[in-house]
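Numbers for residues simply follow the sequence, beginning at 1. Hydrogens, waters and symmetry mates play no part in the numbers below; they use all other heavy atoms, side chains included. Atoms within each ligand, like the ligands themselves, are counted from 1 in listed order.
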Amino acid sequence: MKPLLIVMSAPSGAGKSTLCDLLLQEFPEITYSVSCTTRAPRGEEEDGVDYFFLSKDEFARQERDGLLLESATVHGNRYGTPAGPVREAFAEGQSVLMDIDVVGAESVRRFVAGLPADDPLRAGFVDIFIEPPSLDELRKRLVGRGEDSPESIQVRLANAQGELDRAHEFTYRVVNDDLQVAYRRLRDILLVKGGEL
Ligand code: 5GP
């Protein structure tokens with residue numbers, strides 16, 4: 001597959017992480033972009049694997065030093081994509097998968113649009129929004145996964161509508177009703193974009 005810069009966004013609980021995991025299992029040539037965040041680790045999350053868990057000061061320093069490709073405040077915490085690993089992966093012919101929010105996706109879209117037309121990051125850019133079948137289903141999934149406090153679930157649901165309102169900004173939209181169907185659609189999008197289909 002030709003190198004792709006894959007940006008995936010979704011309201012929390014739409015199944016994006018599961019879809020990302022399936023992609024990473026099937027395509028070893030895709031590197032997951034590990035984000036920085038100021039939020040505390042959840043469940044089994046590991047520093048350097050799921051996120052780089054930073055203090056607010058350290059996050060601000062990285063931002064100030066221009067080390068982040070994009071950053072945003074999501075559900076009250078700071079999140080950002082380290083720029084170095086994205087460039088390095090591309091230089092090695094790898095694709096990069098970024099799991100970021102709609103604000104971050106907009107920043108990356110703008111960043112990519114400002115690159116020369118022949119820059120591989122621009123040529124390989126693909127943005128996909130994963131949609132839950134409904135807000136009610138989203139609530140059930142968030143409660144069911146048992147990882148977030150009731151307050152956190154409320155914040156995530158309140159933000160979900162705002163994110164869904166921005167789904168039209170994405171080139172592709174995939175409704176995650178049935179996981180296997182959603183995964184096949186996602187895979188086809190990437191294979192077509194990567195020149196394999
Ligand atoms: P969570 O706290 O559930 O892991 O993530 C909350 C939200 O932050 C998700 O929508 C996720 O996509 C987004 N997010 C994770 N990393 C980044 C990042 O580096 N930049 C931006 N803009 N959003 C991120």
Polar contacts were defined as any N/O atom of the residue lying under 3.5 Å from an N/O atom of the ligand; does this apply to [X] and ligand 1?
X      : value
Ser12  : no
Arg42  : yes
Val74  : no
His75  : no
Asp101 : yes

*Which of the atoms of ligand 1 are close to Ala72, meaning less than 4.0 Å from one of its heavy atoms?*
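Heavy-atom distances to Ala72 below 4.0 Å select 22 (N).
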*Just which atoms of ligand 1 are under 4.0 Å from any heavy atom in Gly104?*
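Selected atoms, number and element: 22 (N).
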Are side-chain N/O atoms of [X] and [Y] paired as donor and acceptor at under 3.5 Å?
X      : Y      : value
Asp165 : Gln161 : yes
Ser95  : Glu29  : no
Tyr51  : Glu46  : no
Thr37  : Asn77  : no

*Can you check whether Ser12 reaches His75 side chain to side chain, under 4.5 Å on heavy atoms?*
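In contact.
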Can you tell me which residue and heavy atom of the protein come closest to [atom], and the distance to 0.1 Å?
atom                    : answer
atom 4 (O) of ligand 1  : Tyr51 OH, 2.5 Å
atom 10 (O) of ligand 1 : Lys16 NZ, 3.5 Å
atom 19 (O) of ligand 1 : Ser35 OG, 2.7 Å
atom 20 (N) of ligand 1 : Glu70 OE2, 2.7 Å
atom 3 (O) of ligand 1  : Arg156 NH1, 2.8 Å
atom 6 (C) of ligand 1  : Tyr79 OH, 3.6 Å

*Which bit of Met98 is near ligand 1, meaning a heavy atom under 4.0 Å away: side chain, backbone, both or neither?*
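Near ligand 1, Met98 shows nothing, with every heavy atom at 4.0 Å or more.
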*Using a 4.0 Å heavy-atom threshold (strictly under), name the region of Met8 that reaches ligand 1: side chain, backbone, both or neither.*
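Under 4.0 Å from ligand 1, Met8 contributes no heavy atoms.
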*Do the two ring centres, one from Phe59 and one from Tyr79, sit under 6.0 Å apart?*
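Phe59 vs Tyr79: aromatic centres not under 6.0 Å.
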*Report the residue from Leu19, Thr18, Asp99 that forms a side chain to side chain contact (heavy atoms under 4.5 Å, CB included) with Ile130.*
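Output: one option passes, namely Leu19.
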*Are Thr81 and ligand 1 in contact, using a heavy-atom cut-off of under 4.0 Å?*
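Thr81 counts as a contact of ligand 1 under the 4.0 Å cut-off.
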*Lys/Arg cation over aromatic Phe170: Arg109, 6.0 Å, 45° cone*: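 Judged by the rule, Arg109 and Phe170 form a cation-pi pair.
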*Verdict with reasoning, Arg42 to Asp148, per salt bridge (charged side-chain N to carboxylate O under 4.0 Å, His left out)*: CA-CA 8 Å; Arg42 215 168 42 205; Asp148 300 278; 3.5 Å; yes
*Contact summary for Phe52 and Asp47, nearest pair of heavy atoms*: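 Heavy atoms of Phe52 and Asp47 come nearest at CA-OD1, 3.3 Å.
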